[in-house]
Amino acid sequence: MSTAATPSSSSAPTAHVRVIASPQSWVEGEAVRQLEAMARLPGMRMAVGLPDLHPGKGAPVGAAFTSEGFLYPYLVGNDIGCGMGLFDVDLPVRKAKPERWASKLDLEGPWSGDADGFLAEHDVKPAGFEAALGTVGGGNHFAEVQRVDAVHDVAVFAALGLAADRLLLLVHSGSRGLGEAILRAHVDRHAAGGLVEDSAEARTYLTRHDHAVAWGRANRALVARRMLDGIGAVGRRVLDVCHNSVTPLKVDGRKQWLHRKGAAPHDEGPVVIPGSRGALSYLVMPVGDGTGSAHSLAHGAGRKWTRTAARERIRERFTAESLTRTSFKSHVVCENKDLLFEEAPPAYKPIDRVVTDLVEAGLVRVVATLAPVLTYKTRAKVE
DNA sequence: ATGTTC
């Protein structure tokens with residue numbers, strides 16, 4: 001296949017590799033080996049590991065890559081357009097009813113409204129996956145009602161229209177089956193190989209990719225709408241950032257491709273970096289020019305234990321019931337026990353260390369910390 | 001991550 005550049009064609013010079021993590025942000029050796037393997041792909045210029053770097057399926061998660069001449073769908077992964085949406089909720093913290101909300105919120109199954117119409121309002125064409133529009137999905141995805149823990153940058157916080165006594169809603173989800181179908185169509189032909197820039201196949205992939213990114217953003221907006229409907233509130237989108245994507249980039253007048261695989265943008269304004277579901281989330285403002293980190297930031301705490309290891313270790317130490325409450329006294333709706341164990345806080349690195357690494361690398365300033373009130377993961381399906 | 005076992 002003339003359009004494919006495969007990982008085995010390793011004659012290309014190795015790209016610059018950088019891992020932005022202090023020794024305290026322990027990074028698994030396998031993740032670094034994966035980063036170095038990706039750096040040997042043809043056309044690769046930079047491979048950057050962020051402090052949440054951890055091993056993935058071939059390509060590491062928590063990383064950003066720049067390339068010339070080729071782009072690599074495999075480096076974006078299956079959940080094209082996955083990201084974080086933050087919404088300002090028109091409800092004071094004192095009106096929070098986490099227990100009541102936990103007992104009744106249900107976002108399983110298709111939205112009862114007009115999904116195509118909702119997409120049209122967001123200028124997104126239907127994709128054939130609308131039954132999943134407005135659903136959270138699995139893995140580390142969630143929708144979480146939060147309160148403000150502390151404000152560190154009053155000016156930026158106020159400029160975003162936020163208030164310390166008002167609830168927030170953070171949605172982590174992506175393009176569900178759509179991104180998966182797009183990657184599968186690519187992998188069927190090219191495996192982990194890339195596409196030659198400007199080839200017909202590259203153009204087709206990029207068109208589908210951009211659609212999935214827009215669909216994912218609309219999905220987060222609909223997840224937010226369903227959550228807000230469930231708690232009897234309305235909200236305003238404060239920010240929405242994608243952490244799985246490939247986008248064009250100009251470097252010294254040359255065209256490059258910036259791949260983000262679990263990496264938040266450094267060049268799109270403020271972002272939220274969530275901890276585990278029993279930890280703070282950080283609202284941060286990028287600082288500096290971002291070139292040293294491929295214009296990217298950590299996208300979360302990063303997994304410390306594999307899902308398999310987490311299931312075994314956490315099942316030994318905690319009951320499922322105890323994991324539905326956190327050290328913040330927040331509630332977790334996760335009626336899939338395996339998922340509850342896989343996603344338990346000890347399976348993740350401490351988010352404060354990850355954010356401190358970004359601050360010390362001169363990449364962000366902390367604007368505020370947000371504490372969980374109610375996390376929605378999944379409701380048991382009724383047969 | 002995944003209309004996750006077509």
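In what follows, every chain begins at residue 1, and chains take the letters A, B, ... in the order their sequences are listed.
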Any residue meeting side-chain hydrogen bond (donor to acceptor under 3.5 Å, both in side chains) with A:T375, in chain and number order, not counting sequence neighbours: A:E144
Can you list everything that forms a side-chain hydrogen bond (donor to acceptor under 3.5 Å, both in side chains) with A:R220? Sequence neighbours excluded, please. A:D240
Would you list the pairs meeting ring pair (Phe, Tyr, Trp, His ring centres under 6.0 Å) in which at least one residue belongs to residues 86-135 of chain A, sequence neighbours left out? A:W111-A:F118, A:F118-A:H122
ring-ring contact (aromatic ring centres under 6.0 Å, His included) with A:H299: which residues, sequence neighbours excluded? A:H243
For residues 249-263 of chain A, tabulate all N or O donor-acceptor pairs below 3.5 Å that involve a side-chain atom, not counting sequence neighbours.
| from | atom 1 | to | atom 2 | distance (Å) |
| --- | --- | --- | --- | --- |
| A:R254 | NE | A:E68 | OE1 | 3.4 |
| A:R254 | NE | A:E68 | OE2 | 3.0 |
| A:R254 | NH2 | A:E68 | OE2 | 3.2 |
| A:Q256 | NE2 | A:E68 | OE2 | 2.9 |
| A:W257 | NE1 | A:E197 | OE1 | 2.6 |
| A:H259 | ND1 | A:F65 | O | 3.2 |
| A:H259 | ND1 | A:W257 | O | 3.4 |
| A:H259 | NE2 | A:Y72 | N | 2.9 |
| A:R260 | NE | A:S296 | OG | 3.0 |
| A:R260 | NH2 | A:D267 | OD1 | 3.3 |
| A:R260 | NH2 | A:H295 | O | 2.6 |

Any protein N or O atoms within reach of nucleotides 2-6 of chain B? Criterion: under 3.5 Å, listing atom names and distances.
| from | atom 1 | to | atom 2 | distance (Å) |
| --- | --- | --- | --- | --- |
| B:dT2 | OP1 | A:R176 | NH1 | 2.9 |
| B:dT2 | OP2 | A:G138 | N | 2.6 |
| B:dT2 | O3' | A:R176 | NH1 | 3.4 |
| B:dG3 | OP1 | A:G177 | N | 3.3 |
| B:dG3 | OP2 | A:R176 | NH1 | 3.2 |
| B:dG3 | OP2 | A:G177 | N | 2.6 |

